[in-house]
Student: 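Next up is a structure, given as C-alpha coordinates.
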Number of protein chains: 2
Amino acid sequence: MILSRTSQYAVQALIFIATRPPGEPVLNREIASYLDVPPAYLAKIMQSLCKGSLLYSFRGRLGGFCLREGAEKTDLMKILLLTEGAGFTQDCVLGLKVCSDATACPMHAKWVPIKKKVVSLLTDQTLEKLARAVQTGKYRLTDLPASLFAPVRRT
Amino acid sequence: MILSRTSQYAVQALIFIATRPPGEPVLNREIASYLDVPPAYLAKIMQSLCKGSLLYSFRGRLGGFCLREGAEKTDLMKILLLTEGAGFTQDCVLGLKVCSDATACPMHAKWVPIKKKVVSLLTDQTLEKLARAVQTGKYRLTDLPASLFAPVRRT
DNA sequence: GTTGTTTCGGAGAATTTTATCCGAAATCAT
DNA sequence: ATGATTTCGGATAAAATTCTCCGAAACAAC
(Lines give C-alpha, C1' and ligand atoms only; values in the text may rest on other atoms or scores of the structure.)
Protein backbone atom coordinates (compact mmCIF):
# COMPACT_ATOMS: atom_id res chain seq x y z
CA MET A 1 0.00 0.00 0.00
CA ILE A 2 2.94 2.23 0.61
CA LEU A 3 6.05 3.33 -1.17
CA SER A 4 9.35 3.70 0.59
CA ARG A 5 10.31 7.21 1.60
CA THR A 6 13.10 6.98 -0.92
CA SER A 7 10.61 6.41 -3.71
CA GLN A 8 8.38 9.21 -2.51
CA TYR A 9 11.27 11.66 -2.40
CA ALA A 10 12.44 10.56 -5.83
CA VAL A 11 9.04 11.01 -7.44
CA GLN A 12 8.42 14.32 -5.73
CA ALA A 13 11.80 15.64 -6.79
CA LEU A 14 11.41 14.54 -10.37
CA ILE A 15 7.98 16.10 -10.67
CA PHE A 16 9.34 19.29 -9.17
CA ILE A 17 12.16 19.45 -11.68
CA ALA A 18 9.65 18.79 -14.44
CA THR A 19 7.74 21.89 -13.41
CA ARG A 20 10.84 24.00 -13.96
CA PRO A 21 12.08 25.35 -17.28
CA PRO A 22 13.86 22.46 -19.00
CA GLY A 23 17.61 22.63 -19.38
CA GLU A 24 18.14 24.95 -16.42
CA PRO A 25 19.81 22.98 -13.64
CA VAL A 26 18.00 22.99 -10.31
CA LEU A 27 19.99 22.92 -7.10
CA ASN A 28 19.61 19.97 -4.79
CA ARG A 29 19.36 22.46 -1.96
CA GLU A 30 16.44 24.17 -3.63
CA ILE A 31 14.55 20.95 -4.26
CA ALA A 32 15.11 19.73 -0.72
CA SER A 33 13.98 22.96 0.83
CA TYR A 34 10.92 23.16 -1.40
CA LEU A 35 9.91 19.58 -0.65
CA ASP A 36 11.03 19.85 2.94
CA VAL A 37 13.12 16.69 2.86
CA PRO A 38 16.65 16.05 4.18
CA PRO A 39 19.05 17.59 1.62
CA ALA A 40 21.90 15.12 2.15
CA TYR A 41 19.57 12.18 1.76
CA LEU A 42 17.91 13.64 -1.28
CA ALA A 43 21.36 14.17 -2.79
CA LYS A 44 21.96 10.43 -2.59
CA ILE A 45 18.68 9.72 -4.29
CA MET A 46 19.44 12.24 -7.01
CA GLN A 47 22.72 10.48 -7.61
CA SER A 48 20.97 7.19 -8.16
CA LEU A 49 18.49 8.83 -10.51
CA CYS A 50 21.44 10.08 -12.53
CA LYS A 51 22.81 6.57 -12.70
CA GLY A 52 19.34 5.47 -13.68
CA SER A 53 19.66 7.79 -16.70
CA LEU A 54 16.76 10.04 -15.74
CA LEU A 55 18.80 13.09 -14.81
CA TYR A 56 21.82 15.04 -15.81
CA SER A 57 23.99 16.50 -13.10
CA PHE A 58 26.33 19.47 -13.29
CA ARG A 59 28.90 20.41 -10.70
CA GLY A 60 30.15 23.77 -9.63
CA ARG A 61 28.60 27.13 -10.21
CA LEU A 62 25.45 27.01 -12.34
CA GLY A 63 25.38 23.34 -11.40
CA GLY A 64 22.46 21.25 -10.30
CA PHE A 65 20.20 18.64 -11.80
CA CYS A 66 17.94 18.64 -14.80
CA LEU A 67 15.94 16.11 -16.71
CA ARG A 68 17.60 14.22 -19.49
CA GLU A 69 16.13 14.81 -22.92
CA GLY A 70 12.82 13.02 -23.18
CA ALA A 71 12.74 12.19 -19.48
CA GLU A 72 9.52 14.15 -19.13
CA LYS A 73 7.84 11.20 -20.79
CA THR A 74 9.08 8.91 -18.04
CA ASP A 75 6.24 7.15 -16.28
CA LEU A 76 6.11 6.43 -12.58
CA MET A 77 6.56 2.73 -13.16
CA LYS A 78 10.03 3.28 -14.58
CA ILE A 79 10.98 5.46 -11.67
CA LEU A 80 9.71 3.02 -9.07
CA LEU A 81 11.49 0.14 -10.71
CA LEU A 82 14.65 2.12 -10.05
CA THR A 83 13.88 3.05 -6.47
CA GLU A 84 11.92 0.02 -5.25
CA GLY A 85 13.81 -2.53 -7.22
CA ALA A 86 12.57 -4.74 -10.01
CA GLY A 87 9.65 -6.98 -9.26
CA PHE A 88 8.05 -4.70 -6.73
CA THR A 89 4.77 -5.27 -8.48
CA GLN A 90 5.24 -9.02 -8.55
CA ASP A 91 5.62 -9.54 -4.83
CA CYS A 92 3.04 -11.79 -3.20
CA VAL A 93 0.69 -10.11 -0.74
CA LEU A 94 1.32 -12.80 1.82
CA GLY A 95 5.05 -12.80 1.20
CA LEU A 96 5.38 -16.10 -0.65
CA LYS A 97 8.56 -16.29 -2.65
CA VAL A 98 6.70 -17.98 -5.46
CA CYS A 99 3.11 -16.94 -6.12
CA SER A 100 2.00 -17.35 -9.70
CA ASP A 101 -1.06 -18.62 -11.46
CA ALA A 102 0.41 -22.10 -11.21
CA THR A 103 1.01 -22.08 -7.46
CA ALA A 104 -0.67 -19.26 -5.63
CA CYS A 105 -1.58 -17.88 -2.23
CA PRO A 106 -5.31 -17.66 -1.48
CA MET A 107 -5.33 -13.93 -2.29
CA HIS A 108 -3.60 -14.27 -5.62
CA ALA A 109 -6.59 -14.59 -7.94
CA LYS A 110 -8.34 -11.55 -6.53
CA TRP A 111 -5.18 -9.54 -6.14
CA VAL A 112 -3.88 -9.82 -9.67
CA PRO A 113 -6.56 -7.60 -11.27
CA ILE A 114 -5.93 -4.87 -8.75
CA LYS A 115 -2.22 -5.10 -9.29
CA LYS A 116 -2.85 -4.71 -13.01
CA LYS A 117 -4.82 -1.54 -12.37
CA VAL A 118 -2.04 -0.15 -10.25
CA VAL A 119 0.58 -0.92 -12.84
CA SER A 120 -1.44 0.60 -15.64
CA LEU A 121 -2.03 3.73 -13.61
CA LEU A 122 1.66 4.03 -12.78
CA THR A 123 2.54 3.45 -16.40
CA ASP A 124 0.06 6.07 -17.53
CA GLN A 125 1.26 8.83 -15.25
CA THR A 126 4.27 10.61 -16.69
CA LEU A 127 6.35 13.35 -15.14
CA GLU A 128 5.01 15.69 -17.79
CA LYS A 129 1.39 15.06 -16.85
CA LEU A 130 2.04 15.25 -13.14
CA ALA A 131 4.07 18.42 -13.46
CA ARG A 132 1.30 20.02 -15.46
CA ALA A 133 -1.24 18.99 -12.84
CA VAL A 134 0.84 20.77 -10.24
CA GLN A 135 1.28 23.82 -12.40
CA THR A 136 -2.45 24.31 -12.71
CA GLY A 137 -2.41 24.89 -8.98
CA LYS A 138 -5.09 22.28 -8.46
CA TYR A 139 -2.68 19.74 -6.96
CA ARG A 140 0.21 20.07 -4.56
CA LEU A 141 3.59 18.45 -4.36
CA THR A 142 4.35 19.30 -0.75
CA ASP A 143 2.61 19.69 2.54
CA LEU A 144 1.18 23.02 3.45
CA PRO A 145 3.94 25.10 5.03
CA ALA A 146 4.25 24.63 8.77
CA SER A 147 4.20 28.38 9.12
CA LEU A 148 0.47 28.22 8.61
CA PHE A 149 0.15 26.24 11.82
CA ALA A 150 3.07 27.29 13.99
CA PRO A 151 3.79 30.80 15.19
CA VAL A 152 6.43 32.72 13.26
CA ARG A 153 9.94 32.28 14.58
CA ARG A 154 12.32 35.19 14.03
CA THR A 155 16.05 34.63 13.73
CA MET B 1 2.28 -2.23 -2.76
CA ILE B 2 3.65 -4.27 0.06
CA LEU B 3 2.69 -5.30 3.54
CA SER B 4 5.18 -5.42 6.37
CA ARG B 5 6.56 -8.82 7.21
CA THR B 6 4.75 -8.54 10.50
CA SER B 7 1.43 -8.23 8.69
CA GLN B 8 2.23 -11.09 6.37
CA TYR B 9 3.12 -13.37 9.25
CA ALA B 10 -0.01 -12.36 11.13
CA VAL B 11 -2.32 -13.05 8.22
CA GLN B 12 -0.64 -16.32 7.37
CA ALA B 13 -0.81 -17.49 10.96
CA LEU B 14 -4.46 -16.56 11.35
CA ILE B 15 -5.44 -18.32 8.16
CA PHE B 16 -3.51 -21.37 9.27
CA ILE B 17 -5.29 -21.47 12.61
CA ALA B 18 -8.58 -21.05 10.77
CA THR B 19 -7.86 -24.22 8.83
CA ARG B 20 -7.57 -26.19 12.06
CA PRO B 21 -10.46 -27.58 14.09
CA PRO B 22 -11.87 -24.65 16.07
CA GLY B 23 -11.39 -24.64 19.82
CA GLU B 24 -8.27 -26.80 19.75
CA PRO B 25 -5.28 -24.63 20.65
CA VAL B 26 -2.45 -24.62 18.12
CA LEU B 27 1.13 -24.31 19.32
CA ASN B 28 3.15 -21.29 18.28
CA ARG B 29 5.96 -23.67 17.50
CA GLU B 30 3.76 -25.61 15.13
CA ILE B 31 2.55 -22.51 13.30
CA ALA B 32 6.06 -21.13 12.97
CA SER B 33 7.47 -24.35 11.66
CA TYR B 34 4.60 -24.82 9.21
CA LEU B 35 4.93 -21.27 7.89
CA ASP B 36 8.70 -21.34 8.17
CA VAL B 37 8.92 -18.08 10.07
CA PRO B 38 10.99 -17.20 13.17
CA PRO B 39 9.13 -18.69 16.17
CA ALA B 40 10.15 -16.07 18.71
CA TYR B 41 9.11 -13.27 16.42
CA LEU B 42 5.85 -14.94 15.55
CA ALA B 43 5.17 -15.33 19.26
CA LYS B 44 5.31 -11.57 19.65
CA ILE B 45 2.89 -11.11 16.82
CA MET B 46 0.54 -13.68 18.29
CA GLN B 47 0.60 -11.76 21.53
CA SER B 48 -0.50 -8.61 19.80
CA LEU B 49 -3.26 -10.49 18.00
CA CYS B 50 -4.49 -11.65 21.40
CA LYS B 51 -4.52 -8.07 22.61
CA GLY B 52 -6.35 -7.21 19.41
CA SER B 53 -9.06 -9.63 20.50
CA LEU B 54 -8.68 -12.00 17.59
CA LEU B 55 -7.15 -14.89 19.49
CA TYR B 56 -7.35 -16.70 22.77
CA SER B 57 -4.13 -17.90 24.30
CA PHE B 58 -3.62 -20.75 26.77
CA ARG B 59 -0.47 -21.39 28.72
CA GLY B 60 1.04 -24.63 29.84
CA ARG B 61 0.27 -28.11 28.67
CA LEU B 62 -2.50 -28.24 26.08
CA GLY B 63 -1.77 -24.58 25.58
CA GLY B 64 -1.50 -22.63 22.37
CA PHE B 65 -3.62 -20.22 20.40
CA CYS B 66 -7.05 -20.46 18.92
CA LEU B 67 -9.47 -18.12 17.27
CA ARG B 68 -11.91 -16.26 19.45
CA GLU B 69 -15.56 -17.07 18.87
CA GLY B 70 -16.65 -15.47 15.61
CA ALA B 71 -13.12 -14.51 14.65
CA GLU B 72 -13.42 -16.63 11.52
CA LYS B 73 -15.57 -13.84 10.14
CA THR B 74 -12.73 -11.38 10.61
CA ASP B 75 -11.75 -9.70 7.37
CA LEU B 76 -8.22 -8.84 6.36
CA MET B 77 -8.88 -5.16 6.75
CA LYS B 78 -9.44 -5.57 10.49
CA ILE B 79 -6.27 -7.58 10.84
CA LEU B 80 -4.17 -5.12 8.89
CA LEU B 81 -5.52 -2.22 10.87
CA LEU B 82 -4.04 -3.99 13.90
CA THR B 83 -0.70 -4.79 12.36
CA GLU B 84 -0.09 -1.85 10.03
CA GLY B 85 -1.70 0.74 12.20
CA ALA B 86 -4.84 2.74 11.55
CA GLY B 87 -4.88 4.86 8.44
CA PHE B 88 -2.64 2.62 6.41
CA THR B 89 -5.15 2.91 3.60
CA GLN B 90 -5.33 6.66 3.93
CA ASP B 91 -1.66 7.37 3.42
CA CYS B 92 -0.78 9.54 0.45
CA VAL B 93 1.19 7.84 -2.34
CA LEU B 94 3.68 10.67 -2.42
CA GLY B 95 3.92 10.86 1.36
CA LEU B 96 2.01 14.07 1.97
CA LYS B 97 0.78 14.33 5.52
CA VAL B 98 -2.46 15.79 4.30
CA CYS B 99 -3.87 14.55 1.01
CA SER B 100 -7.63 14.71 0.74
CA ASP B 101 -10.13 15.76 -1.89
CA ALA B 102 -9.74 19.31 -0.63
CA THR B 103 -5.97 19.49 -0.94
CA ALA B 104 -4.39 16.69 -2.87
CA CYS B 105 -1.22 15.43 -4.50
CA PRO B 106 -1.32 15.03 -8.29
CA MET B 107 -1.91 11.27 -7.97
CA HIS B 108 -4.77 11.56 -5.53
CA ALA B 109 -7.73 11.62 -7.93
CA LYS B 110 -6.59 8.55 -9.83
CA TRP B 111 -5.38 6.73 -6.77
CA VAL B 112 -8.53 6.92 -4.70
CA PRO B 113 -10.58 4.51 -6.84
CA ILE B 114 -7.84 1.89 -6.68
CA LYS B 115 -7.54 2.32 -2.98
CA LYS B 116 -11.26 1.74 -2.72
CA LYS B 117 -10.93 -1.50 -4.65
CA VAL B 118 -8.16 -2.64 -2.38
CA VAL B 119 -10.13 -1.83 0.73
CA SER B 120 -13.24 -3.57 -0.52
CA LEU B 121 -11.23 -6.65 -1.41
CA LEU B 122 -9.56 -6.70 1.98
CA THR B 123 -12.91 -6.23 3.63
CA ASP B 124 -14.44 -9.02 1.59
CA GLN B 125 -11.81 -11.63 2.37
CA THR B 126 -12.42 -13.28 5.70
CA LEU B 127 -10.29 -15.85 7.48
CA GLU B 128 -13.06 -18.36 6.88
CA LYS B 129 -13.01 -17.89 3.13
CA LEU B 130 -9.25 -17.89 2.93
CA ALA B 131 -8.93 -20.96 5.10
CA ARG B 132 -11.43 -22.78 2.94
CA ALA B 133 -9.51 -21.81 -0.18
CA VAL B 134 -6.42 -23.35 1.32
CA GLN B 135 -8.27 -26.47 2.39
CA THR B 136 -9.40 -27.17 -1.15
CA GLY B 137 -5.72 -27.59 -1.95
CA LYS B 138 -5.97 -25.11 -4.77
CA TYR B 139 -4.09 -22.37 -2.90
CA ARG B 140 -1.10 -22.45 -0.64
CA LEU B 141 -0.19 -20.63 2.55
CA THR B 142 3.53 -21.30 2.48
CA ASP B 143 6.36 -21.65 0.04
CA LEU B 144 7.09 -25.01 -1.44
CA PRO B 145 9.36 -26.88 0.96
CA ALA B 146 13.02 -26.21 0.35
CA SER B 147 13.59 -29.95 0.34
CA LEU B 148 12.16 -29.99 -3.15
CA PHE B 149 15.05 -27.85 -4.32
CA ALA B 150 17.91 -28.63 -1.96
CA PRO B 151 19.48 -32.02 -1.37
CA VAL B 152 18.32 -33.88 1.71
CA ARG B 153 20.33 -33.20 4.82
CA ARG B 154 20.40 -35.95 7.44
CA THR B 155 20.93 -35.14 11.09
C1' DG C 1 3.94 -30.50 45.55
C1' DT C 2 7.03 -31.42 41.55
C1' DT C 3 7.98 -31.59 36.83
C1' DG C 4 7.37 -30.47 32.10
C1' DT C 5 5.22 -27.51 28.87
C1' DT C 6 3.64 -23.20 26.97
C1' DT C 7 2.64 -18.31 26.71
C1' DC C 8 3.99 -13.59 28.75
C1' DG C 9 6.77 -9.65 28.98
C1' DG C 10 10.83 -7.24 28.95
C1' DA C 11 15.41 -6.49 27.28
C1' DG C 12 18.38 -6.41 23.69
C1' DA C 13 20.74 -7.88 19.12
C1' DA C 14 20.80 -7.83 13.99
C1' DT C 15 19.30 -5.94 9.81
C1' DT C 16 17.39 -2.57 6.82
C1' DT C 17 16.05 1.97 5.93
C1' DT C 18 16.69 6.64 6.50
C1' DA C 19 19.67 10.34 7.33
C1' DT C 20 24.24 12.92 8.17
C1' DC C 21 29.04 14.28 7.47
C1' DC C 22 33.14 15.32 5.09
C1' DG C 23 36.95 15.37 1.86
C1' DA C 24 37.59 15.33 -3.04
C1' DA C 25 36.62 16.48 -7.78
C1' DA C 26 34.45 19.48 -11.13
C1' DT C 27 33.00 23.95 -12.68
C1' DC C 28 32.56 28.87 -13.10
C1' DA C 29 33.86 33.72 -12.05
C1' DT C 30 37.25 36.86 -10.79
C1' DA D 1 45.90 30.77 -10.29
C1' DT D 2 42.45 31.59 -6.59
C1' DG D 3 38.11 31.29 -4.52
C1' DA D 4 33.36 30.09 -4.33
C1' DT D 5 30.01 26.74 -5.40
C1' DT D 6 28.08 22.27 -6.28
C1' DT D 7 27.87 17.36 -7.04
C1' DC D 8 30.41 12.81 -5.99
C1' DG D 9 31.52 9.00 -3.16
C1' DG D 10 32.54 6.86 0.93
C1' DA D 11 32.01 6.37 5.77
C1' DT D 12 29.14 6.71 9.49
C1' DA D 13 25.11 7.63 12.56
C1' DA D 14 20.20 7.30 13.83
C1' DA D 15 15.81 5.19 13.56
C1' DA D 16 12.69 1.66 12.43
C1' DT D 17 11.86 -3.04 11.58
C1' DT D 18 12.82 -7.67 12.25
C1' DC D 19 14.47 -11.13 15.15
C1' DT D 20 16.45 -13.48 19.61
C1' DC D 21 16.92 -14.60 24.42
C1' DC D 22 15.55 -15.47 29.00
C1' DG D 23 13.26 -15.44 33.41
C1' DA D 24 8.66 -15.57 35.12
C1' DA D 25 3.86 -16.90 35.30
C1' DA D 26 0.19 -20.17 34.16
C1' DC D 27 -1.31 -24.68 33.45
C1' DA D 28 -1.65 -29.97 33.15
C1' DA D 29 -0.11 -34.43 34.42
C1' DC D 30 1.95 -37.16 37.64
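Just so we're on the same page: letters track the sequence lines, and every chain starts at 1.
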Student: Please confirm whether the backbone N or O of A:Ala133 pairs with a side-chain atom of A:Lys138, one donor and one acceptor, at under 3.5 Å?
Tutor: no
Student: Over its full length, what angle do the end axes of the helix from C:dG1-D:dC30 to C:dT30-D:dA1 make, each axis taken from five pairs and the result rounded to 10 degrees?
Tutor: 0°
Student: Could you tell me whether a side-chain N or O of B:Asp143 sits under 3.5 Å from a main-chain N or O of A:Val98, the two making a donor and an acceptor?
Tutor: yes
Student: Rounded to the Å, how far apart are A:Met46 CE and C:dT18 P?
Tutor: 17 Å
Student: From CG of B:Leu62 over to P of C:dT7, roughly how many Å is that when rounded to an integer?
Tutor: 12 Å
Student: Measure from CZ on A:Phe58 to P on C:dC28 and round the result to the nearest Å.
Tutor: 10 Å
Student: Roughly, in whole Å, what's the span from CZ in A:Arg59 to C1' in C:dA29?
Tutor: 19 Å
Student: Counting distance only, does the side-chain N/O of B:Lys129 pair as donor-acceptor with the main-chain N or O of B:Asp124 below 3.5 Å?
Tutor: yes
Student: Answer yes or no: does atom NZ of A:Lys117 have more than 12 heavy-atom neighbours from other residues, nucleotides or ligands under 6.0 Å?
Tutor: no
Student: 5'-most contact on DNA chain C: A:Ser4 or B:Val26, nearest heavy atom basis?
Tutor: B:Val26
Student: Categorize A:Tyr56 for me: base, sugar-phosphate, or nothing, with a 4.0 angstrom heavy-atom threshold over every strand shown.
Tutor: nothing
Student: Measure the distance from CG on A:Asp36 to P on C:dA19 and round it to the nearest whole Å.
Tutor: 11 Å
Student: Could you give the start and end, 5' to 3', of the contact zone on DNA chain D for chain B, using atoms under 4.0 Å from its heavy atoms?
Tutor: D:dT18 to D:dA29
Student: Round to a whole Å and report the spacing from CZ of B:Arg5 to C1' of C:dT15.
Tutor: 10 Å
Student: Closer to the 5' end of DNA chain C via nearest nucleotide, is it B:Arg61 or A:Leu3?
Tutor: B:Arg61
Student: Assuming nearest nucleotide by heavy-atom distance, tell me which of A:Gly60 and A:Lys44 is located more 5' along DNA chain D.
Tutor: A:Gly60
Student: If we ignore hydrogens and angles and just use 3.5 Å, is the side chain of B:Gln12 paired with the main-chain N or O of B:Leu141 as donor and acceptor?
Tutor: yes
Student: Mind calculating the distance between CG (B:Asn28) and P (C:dG9) to the nearest angstrom?
Tutor: 14 Å
